[in-house]
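Working notes for the structure below.
In what follows, every chain begins at residue 1, and chains take the letters A, B, ... in the order their sequences are listed. Because the structure is a prediction, the values reported are computed rather than measured.
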Amino acid sequence: MSVVTRFAPSPTGYLHIGGARTALYSWLHAKASGGPGDGRFVLRIEDTDRERSTDEAVQAILDAMAWLDLEHDGEIYYQTRRFDRYADVIDRLIDEGKAYRCYSSAEEVEAMREAARAKGEKPKYDGTWRPMPGKTLPEPPAGVDPVIRFATPLDGHTVIHDLVKGDITISNTELDDLVIARADGTPTYNFCVVVDDMDMGITHVIRGDDHVNNTPRQINILKALVGDDGDLPVYAHVPMILGPDGKRLSKRHGAVGVMRYREEGYLPEALLNYLVRLGWAHGDQEIFTREQMLEHFDIENVQGGASTFDPDKLLWVNQEHLKMAAPQDLVGELRWHLARLGIDGVDDARLTEIAAIQKGRCKTVREMAEQSLFVFQSVTEYEPKAVKKHIKTATPDLIAQVRDSLAALDDWNGEAASAVVKQVATDNEVGMGKVAQPIRIAVTGGPVSPSIDDTLALLGREETLTRLDAAVSEFAALKG
RNA sequence: GCUCCCUUCGUCUAGCGGUCCAGGACGCCGCCCUCUCAAGGCGGAAACACGAGUUCGAUUCUCGUAGGGAGCGCCA
């Protein structure tokens, strides 16, 4: 049987790191099992809460999924477009006596819960309106729209055969008769999920473990629909991701949107790599390409306990991916970051050249873009601290010597340029640092840039000579 | 309060009864390399929550305790 998984976010905000990992695990499980492309990965938008769902949030989630390249199969489902279907199923359950109308007010239900709590029990609805053999129901109050409640089995227990947690058994007496349709007729989450997963042929439900307590309710509803012997999906509840404070990472608790990581210069494959390793391992391997994840990922090896998000390690993973990326594969993100810094219209070849030189020395693409600005912007001022440290009285003369030798070069390339710098250092019996650092400051304005040969190669002869000339007079004036 | 889940270095983890005075990685601390920043090389500190069992033998199995997480909505 082919695997079908789904990712089912509610569009009440951006896609955050925990959601991204759940999506990744679901995607991997569908795509990794049974060979490439065998399984299906469905995207479903759970927007039944019309108060909080927004189109902007839907778009934000779609954008993040696209950036991460977690492609879904087939159409995107929206629960709000399936209300007719839910209504049909609810009618059927009522007809079959598996659900009933409840006229208790919200205040009354709250009082029931309080009463249960006072007795040291779990807060529950007390079943006032539940039809029972030999029981006389109260007269429905006039002018009150009822909610529909599901008649949960009164005894027995429900077992979840969870792929990551193992078997979980919950007594049905822990469960109460949950509302499956609100007074205004709209269906609720626990109900829609069941109908959807059934209709969409979902074989594996992979979701956060904040849902484990809902699962028995959902299983009971599903059994009411398909019978005790009907097919149930396989569940896999993945643990939460905790913030540095040990609290669950959530939108209102320190979690930021996935796209924020793009802004900070992370590569999507690096973020995915970090996320896949958070709670899962394949021996000692730390760095995974997308292909390697697909090859090795196994949902059953996912850790049972929550894990803490570590920004430092993410940064390292990103750096590793930067190092191993082909320069041309970095062009897209580099262009995006440069654009944010006001640099547009640079051609691919140039960006590839820059990426090739910078990728080994940056932790993020954002840093790469920032550190490459000197290529596009002429030097308008020299960093005072750097000048103070590296520009001495003899410096203008040294730079002038380098400048003249460079001007005389037949071929302009990094190797030849750095040979010139070395020669000048040797001729004047000073260390490389005495020449290279001033040159660096002269052509970039600051003390940090790629190696001198790469820096000059990137700049080109004309630009290098122009900047050196400017620096010679500038530094001479400074020290004169 | 009740229910469920979890527990190896600060963090992510390997370990699936003896191979473990516990391995890797991030971070941290030294040293080396060096034209800056990185990278790289070498070395170091750092953990099986606790208590009972089971067993010839427990990090590994069972049960308690403690700690942590989640849930208990006409939210998803």
Side-chain angles (χ1 to χ4, degrees), chain A residues 8-12 46-49 51-53 79 102 105-106 109-110 113 116-125 145-149 160 162 164-166 168-171 173-176 178-184 186 188-190 192-193 208-216 237 239-240 242 244 246-248 274 277-287 303-317 319 323 358 360-363 367 371 386 390 418 421-422 425 431-441 444 446-453 455:
Chain A
S10 62
T12 55
E46 310 221 319
D47 52 356
T48 53
D49 183 350
E51 300 279 301
R52 300 197 298 152
S53 299
Q79 292 187 321
C102 164
S105 68
V109 174
E110 186 47 44
R113 286 199 251 269
R117 221 187 289 263
K119 282 196 291 183
E121 290 169 7
K122 204 167 190 167
K124 293 197 294 190
Y125 169 71
D145 290 325
V147 299
I148 309 299
R149 287 184 186 272
I160 310 167
D162 196 281
V164 341
K165 308 245 184 203
I168 300 171
T169 305
I170 294 179
S171 169
T173 56
E174 290 298 322
L175 279 20
D176 65 356
L178 70 158
V179 171
I180 58 176
R182 303 179 179 95
D184 66 4
T186 57
T188 61
Y189 165 77
N190 278 111
C192 297
V193 167
D209 73 2
D210 48 338
H211 289 282
V212 281
N213 293 285
N214 286 326
T215 306
H237 288 96
M240 301 281 90
L242 275 22
K247 294 285 181 219
R248 172 191 167 177
Y274 176 74
R277 273 289 284 107
L278 195 61
W280 173 81
H282 177 253
D284 284 340
Q285 188 172 352
E286 296 286 352
I287 300 300
Q303 203 81 8
S307 39
T308 308
F309 185 80
D310 180 4
D312 286 333
K313 183 144 185 187
L314 205 213
L315 198 56
W316 175 79
V317 171
Q319 186 172 19
K323 279 195 282 193
Q358 294 283 34
R361 53 196 315 118
C362 301
K363 287 178 159 46
E367 181 189 348
Q371 293 299 324
H390 296 287
S418 80
V421 176
K422 279 200 185 82
M432 263 296 271
K434 288 278 189 293
V435 186
Q437 269 313 78
I439 295 288
R440 172 170 285 116
I441 295 164
T444 71
V448 177
S449 84
S451 66
I452 280 299
D453 41 347
T455 300

Partner of [N] by Watson-Crick or G-U wobble geometry, both contacts under 3.5 Å, or none?
{"N": "B:rU3", "value": "B:rA70"}
{"N": "B:rA22", "value": "none"}
{"N": "B:rG43", "value": "B:rC29"}
{"N": "B:rA58", "value": "none"}
{"N": "B:rU34", "value": "none"}

Answer with base, sugar-phosphate or nothing: what part of the nucleic acid does [X] contact at a heavy-atom distance below 4.0 Å?
{"X": "A:S53", "result": "nothing"}
{"X": "A:Q303", "result": "sugar-phosphate"}
{"X": "A:A281", "result": "sugar-phosphate"}
{"X": "A:K119", "result": "nothing"}

When only distance counts, do a donor and an acceptor, one from the side chain of A:E286 and one from the base of B:rG24, lie under 3.5 Å apart?
-> yes
CG on A:L178 to OG1 on A:T188, rounded to 0.5 Å | 6.0 Å
May I ask you to decide if the ring planes of A:H211 and A:Y189 are parallel, tilted or perpendicular, using 30° and 60° as cut-offs?
-> tilted
Just by protein heavy atoms under 4.0 Å, how would nucleotides 33-38 of chain B read 5' to 3' in B, S and -?
-> --BBBS
Are the side chain of A:Y274 and the backbone of A:L315 linked by a donor-acceptor contact shorter than 3.5 Å?
-> no
Protein-nucleotides 69-72 of chain B N/O pairs closer than 3.5 Å?
{"unit_1": "B:rG69", "atom_1": "OP1", "unit_2": "A:K247", "atom_2": "NZ", "d": "2.7"}
{"unit_1": "B:rG71", "atom_1": "OP1", "unit_2": "A:R248", "atom_2": "NH1", "d": "2.8"}
{"unit_1": "B:rG71", "atom_1": "O4'", "unit_2": "A:N213", "atom_2": "ND2", "d": "3.4"}
{"unit_1": "B:rC72", "atom_1": "O2'", "unit_2": "A:P123", "atom_2": "O", "d": "3.2"}

N/O (side chain, A:T48) to phosphate O (OP1/OP2, B:rA76) under 4.0 Å = yes
Are A:T308 and B:rG10 close enough that a side-chain N or O sits under 4.0 Å from OP1 or OP2?
-> no
Could you list the protein-to-nucleotides 18-23 of chain B atom pairs, N/O on both sides, closer than 3.5 Å?
{"unit_1": "B:rG23", "atom_1": "N2", "unit_2": "A:D284", "atom_2": "OD1", "d": "3.1"}

Nearest to the side chain of A:R277, which nucleotide is it out of B:rC12, B:rA25, B:rA76?
-> B:rC12
Exactly one candidate in A:D210, A:T215, A:D209 meets side chain to side chain donor-acceptor pair (under 3.5 Å) with A:H237; the answer is A:T215
